[in-house]
Amino acid sequence: MGRKPVFLVIDNDASRGNATVNALSPMANVFTANRAAELQKIKEREGKIDALFVSSEVDHLVAMCEKLVELTDRAQVYVVGSVQLSMVRKLFAAGVTDILASPIDLSKIKIQGLELSQSVPSAEKSADEREKLDFGQKVEVTTKRIIAVSGVKGGDGKTSTAAQLGMYLSRKGLDVLLIDTDFTGNAARWLRMDTINSISEFADQAKVERFDRDSLESKLVTHKQTNLKVLPSPIDGFSPVTSAMLSNAIQAYKPYYSIIIIDLHQGYNPLFDVAKDFATDILFLTVPDVERLERTKGMAQQIADRGVDLSKVKVIVNKSKGEEDLQKIRIALKNFGFQIFTLPFSKEFSDSNPVPPLFRDPKLPYVKAFQKLIAEGLGFKLKSSPNPKSEQATKKKKKSAAKGGPNPFSNLLAKLPFFKAKTKEVYE
């Protein structure tokens, strides 16, 4: 068993500082200090300080963080509390690792080379609740990702794919934000979410820079079943989203979310130009329709002509019905070198019934194709996790065998209609 990490809390308010100490205590040995001499004494006694937690209310916050990074041999520095957007960039430039909302979510704290204690009831409860729809898969993410989702034409499944990707990754416990810029296919409405805010509030950069973390969170709506956060497109359904709105929104939320998904309007447009400069990945949806092939090639050419790194681009052939459909797209795009993935046609998935198939049955071809896109196309690591029910079944089998074998009538009974197991509807 490795050593227990050493954390240091810096806060000029004793009551608030003690609350931070209590929150961190399950993970580490936690100390407080308000002077450099106290910090040095703790460092000498403990050998090393692994992370510092600095209140956003301390004076000269940026200079303080910069000095702490230097004094602690580049220990990880977290700022706890709300800060204005204009200060966020300065804090990260000073070496701050992350900005944490209060109360602290302990799952956000990662110390390189150390395995932190997981005995935190609230975090465990959250993980257990999300595991209900995981189907034995966990997702690892090592760097922040911005995924732009675009399409050739309306109806190609762009919004549904962006929303499903967001829900899937959020359900795995990742911090995911979906920014909706497609005013003709509002993702919040697709997810049956009520909203009064929209990306329109990010038009004025000076105003946005005054938003603190709480203000930013108040602009979002949360999908209750998966915890996906959504910044909706204009609620009137026809107001345009400007390049400034999108750029300001990405820069405002980027420090706080490990994954941002941008649902773009169809075709190559000014918003695509903004998104491509931030994006780590670009998903480009089309369908295997003969009339759509020319449009698909045209958009691919525009992407290439604008200097986009083509290794970022993944083409998704949605509503595919077989290898022939895939070949049509491969031939049309053979000169671009894009990675191409398919999402098979799913008859139980429609705009009138937008419950994602991946939350219904993990054995569906659609779900397997979607997981392949996540693992191979986007590079997320899918890790299998033990299934408690299957482990219990194995134990029962062994116990039954020890008593003289299984019930000879069990196979016969299982074939009767009233003994067949019903598929549980896990997505409500």
Side-chain angles (χ1 to χ4, degrees), residues 139 145-169 176 178 180-182 185 187 190 259-269 271-272 275-276 279-304 308-347 349-351 354 356-358 364-380 382:
V139 178
R145 306 287 286 277
I146 297 180
I147 303 168
V149 184
S150 187
V152 176
K153 190 178 180 297
D156 287 353
K158 176 181 55 62
T159 295
S160 59
T161 299
Q164 286 191 85
L165 179 62
M167 287 188 291
Y168 185 89
L169 295 175
V176 186
L178 173 59
D180 185 6
T181 70
D182 185 0
W190 189 88
I259 300 169
I260 294 177
I261 299 169
I262 307 167
D263 181 15
L264 293 164
H265 188 55
Q266 66 198 44
Y268 201 106
N269 53 65
L271 294 181
F272 193 107
K276 73 176 175 56
T280 56
D281 307 270
I282 297 171
L283 303 184
F284 162 25
L285 276 94
T286 187
V287 295
D289 187 290
V290 175
E291 295 179 2
R292 198 81 95 243
L293 285 179
E294 285 305 313
R295 284 192 179 207
T296 302
K297 285 195 291 184
M299 185 166 175
Q301 190 62 57
Q302 284 184 302
I303 291 173
V308 177
D309 179 355
L310 299 187
S311 66
K312 290 182 180 181
V313 183
K314 287 82 182 176
V315 175
I316 302 174
V317 185
N318 197 22
K319 304 176 185 176
S320 171
K321 293 185 178 179
E323 183 64 26
E324 185 180 338
D325 287 342
L326 181 58
Q327 281 300 110
K328 291 176 188 175
I329 303 297
R330 278 183 178 153
I331 292 169
L333 302 180
K334 64 181 179 181
N335 296 327
F336 297 97
F338 297 141
Q339 276 186 284
I340 300 177
F341 295 86
T342 61
L343 289 177
F345 176 77
S346 178
K347 60 184 178 182
F349 184 35
S350 66
D351 289 337
L358 67 161
L364 285 172
Y366 186 95
V367 180
K368 292 180 179 178
F370 205 93
Q371 289 180 337
K372 181 179 180 180
L373 168 65
I374 291 171
E376 297 180 17
L378 296 173
F380 289 105
L382 295 177

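Treat the numbers as computed from the prediction; the structure is a model and nothing was measured.
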- Task: Check Gly157 against Ser160 and note the closest heavy-atom contact, atom names and distance.
- Result: O-OG, 3.0 Å
- Message: Between Gln301 and Tyr268, is there a side-chain heavy-atom distance shorter than 4.5 Å?
- Response: no
- Message: Which heavy atom of Lys314 sits nearest to which heavy atom of Asp281, and what is that distance?
- Response: NZ-OD1, 3.3 Å
- Note on the structure: In this structure, CG of Leu165 is separated from CG of Leu378 (nearest 0.5 Å) by 6.0 Å
- Task: Begin with the C-alpha distance, continue with both residues' side-chain angles, and end with the deciding distance and a verdict on side-chain contact (heavy atoms from CB on, under 4.5 Å) for Thr296 and Val315.
- Result: CA-CA 10 Å; Thr296 302; Val315 175; 5.5 Å; no
- Task: Would you indicate whether the side-chain heavy atoms of Leu283 and Ile261 approach each other to under 4.5 Å?
- Result: no
- Min side-chain heavy-atom separation Asp182-Gln266 under 4.5 Å: no
- Message: I want to check something: taking the side chain as every heavy atom from C-beta on, are Val176 and Tyr168 in contact at a cut-off of under 4.5 Å?
- Response: no
- Task: Search all heavy atoms of Ala300 against all heavy atoms of Leu333 and return the closest pair with its distance.
- Result: CB-CD2, 3.7 Å
- Query: Going by the angle between their ring planes, with limits at 30° and 60°, are Phe284 and Phe338 parallel, tilted or perpendicular?
  - Reply: perpendicular
- Message: If I take atom OG1 from residue Thr159 and atom NE2 from residue His265, how far apart are they, to the nearest 0.5 angstrom?
- Response: 10.0 Å
- Which residues pass the side-chain contact (heavy atoms from CB on, under 4.5 Å) test with Ala279, sequence neighbours left out? Ala148, Ile282
- Does Ser150 have any side-chain contact (heavy atoms from CB on, under 4.5 Å) partners at least two apart in sequence or in another chain, and if so, which? Leu264, Phe272, Met299
- Please round to the nearest 0.5 Å and tell me the distance separating atom CD1 of Ile316 and atom OG1 of Thr286. 11.0 Å
- Look up atom CD1 in Ile259 and atom CZ in Arg145, then write down how far apart they are to the nearest 0.5 Å. 7.5 Å
- Task: Drop me the distance from Leu343's CG to Asn318's CG, to the nearest 0.5 angstrom.
- Result: 5.0 Å
- Look up atom CG in Leu178 and atom CD1 in Ile262, then write down how far apart they are to the nearest 0.5 Å. 9.5 Å
- Query: If you take all heavy atoms of Lys158 and Val149, which pair is closest and at what distance?
  - Reply: CD-O, 3.6 Å
